[in-house]
Number of protein chains: 2
Amino acid sequence: MTRAVPTSADVARLAGVSRATVSYVLNNTNAVRISEPTRRRVHEAAKELGYVPHAAARSLRAGHSRMVLMPTPAVSVGPLYNRFLSELQWSLSRLDYTVVQYGRVGLTGEEAARAWAELRPVAVLAPGAHDLGPQGVALLKRSGARAVITFGPYQVDGAHALLMDQRSVGRAAGAHLLARGRRRIGVIIPQEPGLEAFSRPRADGVRESAEGTGAQVVEVALPYDEGAAARLAARWRSLGLDGVFAYNDEYAMLLMRALQDEGIAVPDGTGMVGADDLMLGRLLRPRLSTVRVELPSGQELAELVDRMVSDPSAEPPARQLLGAELVERESG
Amino acid sequence: MTRAVPTSADVARLAGVSRATVSYVLNNTNAVRISEPTRRRVHEAAKELGYVPHAAARSLRAGHSRMVLMPTPAVSVGPLYNRFLSELQWSLSRLDYTVVQYGRVGLTGEEAARAWAELRPVAVLAPGAHDLGPQGVALLKRSGARAVITFGPYQVDGAHALLMDQRSVGRAAGAHLLARGRRRIGVIIPQEPGLEAFSRPRADGVRESAEGTGAQVVEVALPYDEGAAARLAARWRSLGLDGVFAYNDEYAMLLMRALQDEGIAVPDGTGMVGADDLMLGRLLRPRLSTVRVELPSGQELAELVDRMVSDPSAEPPARQLLGAELVERESG
DNA sequence: TTGAAAGCGCTACCAC
DNA sequence: GTGGTAGCGCTTTCAA
């Protein structure tokens, strides 16, 4: 029952050839010509045994792999990011890389770098939140990673940074509310763990946009929970806010509903802007004004990875890649 | 600059010991006692070189890995599934498995099985949608996978099935609408690719619940798009439906909004039930009745994997693991 | 056109 | 306590 896993030696034996020949045939090595009958015998033997090459052995011998590693996101970051991810994976597959999401959550810094380095990936793509640090990046590179790419608001020494600064999202929202004459602007700060990496810079962006305008920016904590939203709505008037940036469209919906239940009109009482341009924003009444975020295309990123792998010395300059564009609807 | 990747031999050389000793020290092998000074020297050398063990070499030597492989979901399946996933990953990490999501999308059947088998995972967890087939499962097992677990509505020969039959979701929704006196029930079928695996069985479940009641069940296609929803709403009265199961809460929101804009009252004109019990359902007005889906706990599943890995001969019986409970609110 | 054999990095057995 | 060494499965020279 528990037959041993077939190896190329088993295939060779069954086909009556050497292991070298098996390797030549199965990899279509064109440096070597193998006669047609031999090829067929090898293929048949492989099929009969259900032979599957051993990736680890292969890359051990080759001295490198084509594995691109990224950590599994700890929290669900939303449909936008998911689309980006699957586009990226698709593009990388087309370039013959194996994309692998490493699924131990909560690793950071050098600890994370070590765990990933054990797999000897040829490239690592990591959100800045993992906070690899220069040492983590160095560790990965010393372990053979030819490309270490971080996405996030800041540059990490040694890594190629795709600057995706969430502050631009907050700036766009803030600028819009100010232009509509709002003078005292609330910024929703979700209380869910793992979201600070997004919410802090978004809030900072709102503050930046208000600098020198005399307008005030007030942070308002809000857990993603109906009761909390109702309590916030109950004391809303006492906050004296005339505008609010709701972190994203989901929190915006939560808050809008609570305000409306409390009899506070949007946008007349309080102007509201969400972010991420989800479908649900369009379905709200009033329709939600939002900040549309544009991620870089997965294909572009895949090509960048490929270029860096082929020639790691070529360090292209970091670019700001997070587009943030306000979509005005009815809520503010 | 491009120093070679340090190996245990390098560490041995620097510490002035043999490679065997390095291995003993770094793995804390308790069969062998190593003197304290030696241990220190080895650790220091490893640290100085930035040594990271080579997972592939190790598992090649060991003859097995502790990698649990699952495919990356092709479409975002929703926050519920994400929570389940990260709980599962966390639990498996605690049991010292390395969870890896294999990210080439769109592989199915034996093709997928082969690709995964190359990594020689000790366990594979795959949604039934990948449709491994008995041969795929056999291939994986022959390549050393001690546990092959599928989630999905049906059993695959040779694999351990976690039956997660989406029909129960449809049945719960259908039964509820019928109990409320609805006689002609629409079932929304999303047009997004990749969702059929969920939407078909959910629709089947509604039909099952209507069997023998004389009530009618009508499938209604709906792409996730505002315009399409508006067009559907415009011809809604002509469909003569008095109840609708909206596939899930998001489609329910889309449809509810379109119906309301068309002047069709919910639940008076049409009773509506969603599924997945998302926050947004609670925020709708009328509040959305929904089917709460209960996935198995990630921890339980992790323990099942561990048991199967330790003793693959023990085949526990397949169980129905998808709880579906109706949450009645206001929409139907 | 095919085969023999070295060696990738690691661990575990057996000697000393 | 420590070291020598075989061998996991594979590819790739070099020789025949």
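Every chain is numbered from 1, with letters handed out A, B, ... down the list of sequences. Note that the coordinates shown come from a computational prediction; the quantities given were computed from them, not determined experimentally.
- Applying a 4.0 Å cut-off to non-hydrogen atoms, the residues of residues 56-66 of chain B that approach DNA chain C are Ala57(B), Arg58(B), Arg61(B), listed by residue number.
- Between Glu36(B) and Val52(A), the one whose closest nucleotide on DNA chain D sits nearer the 5' end is Glu36(B).
- Residues passing the side chain to side chain donor-acceptor pair (under 3.5 Å) test with Glu110(A), sequence neighbours excluded: none.
- Judged as a side chain to side chain donor-acceptor pair (under 3.5 Å), and not counting sequence neighbours, Asp96(A) has no contacts.
- Considering only residues two or more places apart in sequence or on other chains, Asp10(A) meets the salt bridge (Lys or Arg N to Asp or Glu O under 4.0 Å) condition with Arg13(A).
- Not one N or O on the side chain of Lys141(A) forms a donor-acceptor pair closer than 3.5 Å with the backbone of Gly136(A).
- Listed by residue number, the members of residues 18-30 of chain B with any heavy atom below 4.0 angstrom from DNA chain D are Ser18(B), Arg19(B), Ala20(B), Thr21(B), Tyr24(B).
- Applying the side-chain hydrogen bond (donor to acceptor under 3.5 Å, both in side chains) rule to pairs touching residues 21-32 of chain A yields Ser18(A)-Thr21(A), Ser23(A)-Asn27(A), Asn28(A)-Arg39(A), sequence neighbours excluded.
- An end-to-end axis angle of 50° holds for the helix from dT1(C)-dA16(D) to dC16(C)-dG1(D), taken from five base pairs per end and rounded to 10°.
- Considering Ile149(B), Val68(B), Leu140(B) in turn, Leu140(B) is the only one that fulfils the side chain to side chain contact (heavy atoms under 4.5 Å, CB included) rule with Val124(B).
- Although no hydrogens or angles enter the test, the distance criterion places no donor-acceptor pair under 3.5 Å between the side chain of Ser91(A) and the main chain of Ala302(A).
- For Ser313(B), the side chain to side chain donor-acceptor pair (under 3.5 Å) test picks out Asp311(B), with sequence neighbours left out.
- In this structure Thr38(A) satisfies the side chain to side chain donor-acceptor pair (under 3.5 Å) test together with Ser35(A), sequence neighbours excluded.
- Contacts of Val17(B) with the nucleic acid, taken as non-hydrogen atoms under 4.0 Å apart, involve only primed sugar atoms and P, OP1 or OP2.
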Contacts table for residues 50-58 of chain B: side-chain donor-acceptor under 3.5 angstrom, sequence neighbours left out:
| residue | atom | partner | partner atom | Å |
| --- | --- | --- | --- | --- |
| His54(B) | ND1 | Ala56(B) | N | 3.3 |
| His54(B) | ND1 | Ala57(B) | N | 3.2 |

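- Side chain of Ser297(B) to main chain of Glu300(B): a donor-acceptor pair is present (N/O by atom type, distance under 3.5 Å, no hydrogens or angles).
- In this structure, Ser65(B) contributes its side chain and Arg120(B) its backbone to a donor-acceptor pair below 3.5 Å.
- Heavy-atom contacts of chain A under 4.0 Å fall on DNA chain D between two terminal nucleotides, which in 5' to 3' order are dG9(D) to dT13(D).
- Residues that satisfy the ring pair (Phe, Tyr, Trp, His ring centres under 6.0 Å) test with Tyr81(A), not counting sequence neighbours, are Phe84(A).
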